[in-house]
A.B. asks: 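First the structure, which I've put down as structure tokens, then a few questions once you've had a look.
Both ligands and their constituent atoms are indexed starting at 1 by order of listing. Keep in mind the model is a prediction, meaning the values are calculated, not measured.
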Amino acid sequence: MTPGVPRLLDQIRSRRSRSGVVGLGYVGLPLAVELARAGFETIGIDVDERKVDAVNRGSSYIPDVSTEDLGSLVSRGTLRATTDFAAVAGLDTINICVPTPLRKTKDPDMSFVAAAVEGVAAHLHPGMLVVLESTTYPGTTEEFVKPRLEATGLRAGHDFFLAFSPERVDPGNPTFKTRNVAKVVGGIDAPSTSLAGSLYAAAIDHIVPVSSPRVAEMVKLLENTFRAVNIGLANEIALMCARLGIDVWEVVDAAATKPFGFMPFYPGPGLGGHCIPIDPFYLSWKAKQSGFDSRFIELAGQINGAMPHFVVQTIADALNETRKPVNGSDVLVLGIAYKRDIDDIRESPSLDVMTVLTQKGARVRYSDPYVPVLGAERWQGAVELHSEPLTAAVLRQADCVVILTDHRVIDYDLVRCSAPVVVDTRNAIQGRHPNVFRLGAPPPTDSGTRRRDEGSERAAPDAQAVA
Ligand SMILES: NC(=O)c1ccc[n+]([C@@H]2O[C@H](COP(=O)([O-])OP(=O)(O)OC[C@H]3O[C@@H](n4cnc5c(N)ncnc54)[C@H](O)[C@@H]3O)[C@@H](O)[C@H]2O)c1
């Protein structure tokens, strides 16, 4: 057995080991809190001073972590944060949870992982366990992280332990949190897997060891590619249903009653967040290096990426029913977070819809109780916007209201009753209503007919024919 294994194992089991988490974002802060709650003295390291200060004040900036929980761990001295990687010298285990975005060319941007690993390497010492959690391509731990840590002269598997364990947190999910989502762990050798498994077992209910970091890296990419491809399928079916005059929401819900062999995925305005739109391209990039073309990933990317344009076309069709062009119309967007009940706008398709509408001359406003301000630098419209209060007057003032994120706190009856025209991309307003255009569903009953009847004699015969 590698020297140091029994010592670290004993320290972990007796909670005498000291833990570090690099990157205190949506993934890292909940993990640091769980480790501290499990009894480990924990230090979070982040380059963002505001986050470090907030943690040290006991004030949470991540909705899934309560200020009360964080505050009590900080005041007990179990958890603290720093910007200084020198803290690594006093740690026994370290988990790296920094971003893994894409470059504009859709290639992996590994600069955050490189910087974090180099920060750790500068203070790496014998007997340490290093675990990478950032979602990344298969091979990263062994081909990218290991050589950078070994450049210190210490050898992985001999002097320190190394593993990969994907984070599967689902922000805003009230049922599944860090503690009750099984943790997949793959070390570079058996001791690394066992040590990382023991560390997580202190804070997480169920551990799933796998044979290598490569397998663990691939597990996460399979999970997220599965979602991206199935959402792509749901979106294509929605486009098809719109063409065929069938309600896609009714179809998916009825299909979901099958007790086996079917899992419902729903259409929407496009993919968002730091995972589903990005992670599959880490896999296709890696596969391409072995001459393999990932056709499902590319196709799903094309379909999902085109959805914001389809939504804009639906808005144009809805406005057309009231004889209005997009250019000059007032469009109120409901929800700019990438999914319901959270505040994260990274890669949000709402921003794409708003950008295209602005380019076409619409006056775009938004209402999102979770995102009070949209900074000019966060979207291509490049002006700062503030969330509008959701009142009947604000809804009435818009030429079209478009539901892009179905936050539960929004009063959809108020929206339906007050807005002249609604485009609903989430089936938030169920059933058919004369002023509601739902994505992937037939247009409202007698729309077109009624509008043409209202003001044009020339249109009347046509309208009767349609009726
Ligand atoms: N957000 C999710 O739902 C989710 C779910 C599963 C996996 N992941 C993966 O987890 C990783 C982290 O995602 P996130 O959503 O927590 O990102 P995030 O942006 O919320 O947090 C990352 C943190 O890392 C910090 N950071 C950046 N560079 C650093 C460095 N060199 N040293 C120290 N800190 C640094 C940032 O300041 C930030 O606070 C990504 O690989 C992501 O794909 C995210």
Side-chain angles (χ1 to χ4, degrees), residues 20-34 43-56 60-65 81-88 91 94-102 108-123 130-138 140-141 144-145 148 164-173 176-178 181-184 204 216-217 219-228 271-283 285 337-348 378:
V21 175
V22 180
L24 295 171
Y26 287 93
V27 166
L29 187 62
L31 176 68
V33 164
E34 286 302 334
I43 297 183
I45 304 174
D46 203 293
V47 289
D48 185 338
E49 264 176 43
R50 286 166 311 171
K51 286 184 179 162
V52 166
D53 290 346
V55 170
N56 289 333
S60 177
Y61 45 87
I62 297 287
D64 286 343
V65 172
T82 178
T83 54
D84 189 354
F85 273 88
V88 173
L91 299 174
I94 192 122
N95 297 67
I96 300 176
C97 312
V98 295
T100 42
L102 286 175
D109 175 356
M110 297 300 287
S111 60
F112 298 93
V113 176
V117 170
E118 268 145 32
V120 171
H123 305 279
V130 179
V131 187
L132 179 65
E133 291 214 14
S134 302
T135 308
T136 182
Y137 59 84
T140 303
T141 306
F144 190 91
V145 177
R148 283 170 170 75
F164 181 83
S165 178
E167 179 50 63
R168 298 158 128 183
V169 69
D170 181 19
N173 189 319
F176 295 108
K177 306 277 181 199
T178 303
V181 177
K183 198 88 172 98
V184 172
I204 292 167
E217 288 155 347
V219 166
K220 174 73 184 177
L221 294 181
L222 168 61
E223 291 167 4
N224 283 359
T225 300
F226 173 83
R227 280 188 66 76
L271 298 181
H274 186 33
C275 295
I276 314 292
I278 292 173
D279 301 347
F281 291 101
Y282 269 67
L283 183 53
W285 175 84
Y338 80 85
K339 68 172 185 175
R340 75 154 61 138
D341 300 345
I342 64 162
D343 64 349
D344 191 350
I345 61 168
R346 288 179 295 180
E347 313 289 328
S348 174
R378 300 298 301 270

A.B. asks: Have a look at ligand 1 and work out which part of Glu223, if any, has a heavy atom under 4.0 Å from it: side chain, backbone, both or neither.
C.D. replies: neither
A.B. asks: Would Thr135 and Glu167 count as having a side-chain donor-acceptor pair, cut-off 3.5 Å?
C.D. replies: no
A.B. asks: Any heavy atom of Gly119 closer to ligand 1 than 4.0 angstrom?
C.D. replies: no
A.B. asks: For residues Ile94 and Val22, determine if any side-chain heavy atom of one lies less than 4.5 Å from a side-chain heavy atom of the other.
C.D. replies: yes
A.B. asks: Backbone or side chain, does any N or O of Lys51 fall under 3.5 Å from an N or O of ligand 1?
C.D. replies: yes
A.B. asks: Within the structure provided, determine whether Val47 and Thr83 are in side-chain contact (heavy-atom separation under 4.5 Å).
C.D. replies: no
A.B. asks: Test of understanding: given a 4.0 Å heavy-atom threshold, classify the contact between Phe85 and ligand 1 as side chain, backbone, both, or neither.
C.D. replies: side chain
A.B. asks: For the residue pair Trp285 and Tyr137, categorise the inter-ring angle as parallel (less than 30°), tilted (30 to 60°) or perpendicular (more than 60°).
C.D. replies: tilted
A.B. asks: Using a 6.0 Å cut-off, check whether atom CZ of Arg346 has over 12 heavy atoms from anything other than its own residue.
C.D. replies: yes
A.B. asks: Taking the side chain as every heavy atom from C-beta outward, state whether Leu24 and Tyr61 have any atom pair closer than 4.5 Å.
C.D. replies: yes
A.B. asks: Return the residue, atom name and 0.1 Å-rounded distance of the protein heavy atom closest to atom 4 (C) of ligand 1.
C.D. replies: Cys275 SG, 3.3 Å
A.B. asks: Please work out, at 4.0 Å between heavy atoms, whether the side chain, the backbone, both, or neither of Pro171 comes within that distance of ligand 1.
C.D. replies: side chain
A.B. asks: Would you please test Thr82 and Asp84 for side chain to side chain donor-acceptor pair (under 3.5 Å) and show each step?
C.D. replies: CA-CA 5 Å; Thr82 178; Asp84 189 354; 5.3 Å; no
A.B. asks: Are any of the side-chain heavy atoms of Val21 and Ile45 separated by less than 4.5 Å?
C.D. replies: no
A.B. asks: Is there a side-chain contact between Thr225 and Leu283 in this structure, where contact means two heavy atoms from C-beta onward sitting under 4.5 Å apart?
C.D. replies: yes
A.B. asks: Enumerate the atoms of ligand 1 whose separation from the nearest heavy atom of Gly25 is less than 4.0 angstrom.
C.D. replies: 16 (O), 18 (P), 20 (O), 21 (O), 23 (C), 39 (O)
A.B. asks: What I'd like to find out is whether the side chain of Tyr282 reaches to under 4.5 Å of the side chain of Met110, using heavy atoms alone.
C.D. replies: yes
A.B. asks: Counting both backbone and side chain atoms, is some N or O of Asp48 under 3.5 Å from an N or O of ligand 1?
C.D. replies: no
A.B. asks: Starting from atom 6 (C) of ligand 1, locate the nearest protein heavy atom and write down its residue, its atom name and how far away it is, to 0.1 Å.
C.D. replies: Glu167 O, 3.2 Å
A.B. asks: What residue and heavy atom of the protein are closest to atom 24 (O) of ligand 1, and at what distance?
C.D. replies: Gly23 CA, 3.3 Å
A.B. asks: Which atoms from ligand 1 have a heavy atom of Val22 less than 4.0 Å away?
C.D. replies: 32 (N), 33 (C)
A.B. asks: Between Thr100 and ligand 1, does any nitrogen or oxygen pair lie at a separation below 3.5 Å?
C.D. replies: yes
A.B. asks: Ion pair present between Glu133 and Lys183, side-chain N to carboxylate O less than 4.0 angstrom?
C.D. replies: yes
A.B. asks: Using 4.0 Å as the upper bound for N to carboxylate O, is an ion pair formed by Asp170 and Lys339?
C.D. replies: yes
A.B. asks: Between Lys220 and Asp279, is any pair of side-chain heavy atoms under 4.5 Å apart?
C.D. replies: yes
A.B. asks: Can you pull out the closest protein heavy atom to atom 28 (N) of ligand 1? Residue, atom name and distance to 0.1 Å, please.
C.D. replies: Phe112 CD2, 3.5 Å
A.B. asks: Which is closest to atom 29 (C) of ligand 1 by heavy-atom distance: Ile342, Val27, Asp279, Val98?
C.D. replies: Val98
A.B. asks: Looking only at N/O atoms, are Pro99 and ligand 1 under 3.5 Å apart anywhere?
C.D. replies: no
A.B. asks: Any idea which protein heavy atom is nearest atom 18 (P) of ligand 1, and the distance to it?
C.D. replies: Arg346 NH1, 3.6 Å
A.B. asks: Is any N or O atom of Asp46, backbone or side chain, closer than 3.5 Å to an N or O atom of ligand 1?
C.D. replies: yes
A.B. asks: Determine whether any heavy atom of Lys220 lies closer than 4.0 Å to an atom of ligand 1.
C.D. replies: yes
A.B. asks: Please state which protein non-hydrogen atom is closest to atom 30 (C) of ligand 1 and give its distance, to 0.1 Å?
C.D. replies: Val47 CG1, 3.6 Å
A.B. asks: Give the atoms of ligand 1, by number and element, whose distance to some non-hydrogen atom of His274 is under 4.0 Å.
C.D. replies: 13 (O), 15 (O), 40 (C), 42 (C), 43 (O)
A.B. asks: Counting both backbone and side chain atoms, is some N or O of Tyr26 under 3.5 Å from an N or O of ligand 1?
C.D. replies: yes
A.B. asks: Would you say ligand 1 has an N or O under 3.5 Å from any N or O of Thr135?
C.D. replies: yes
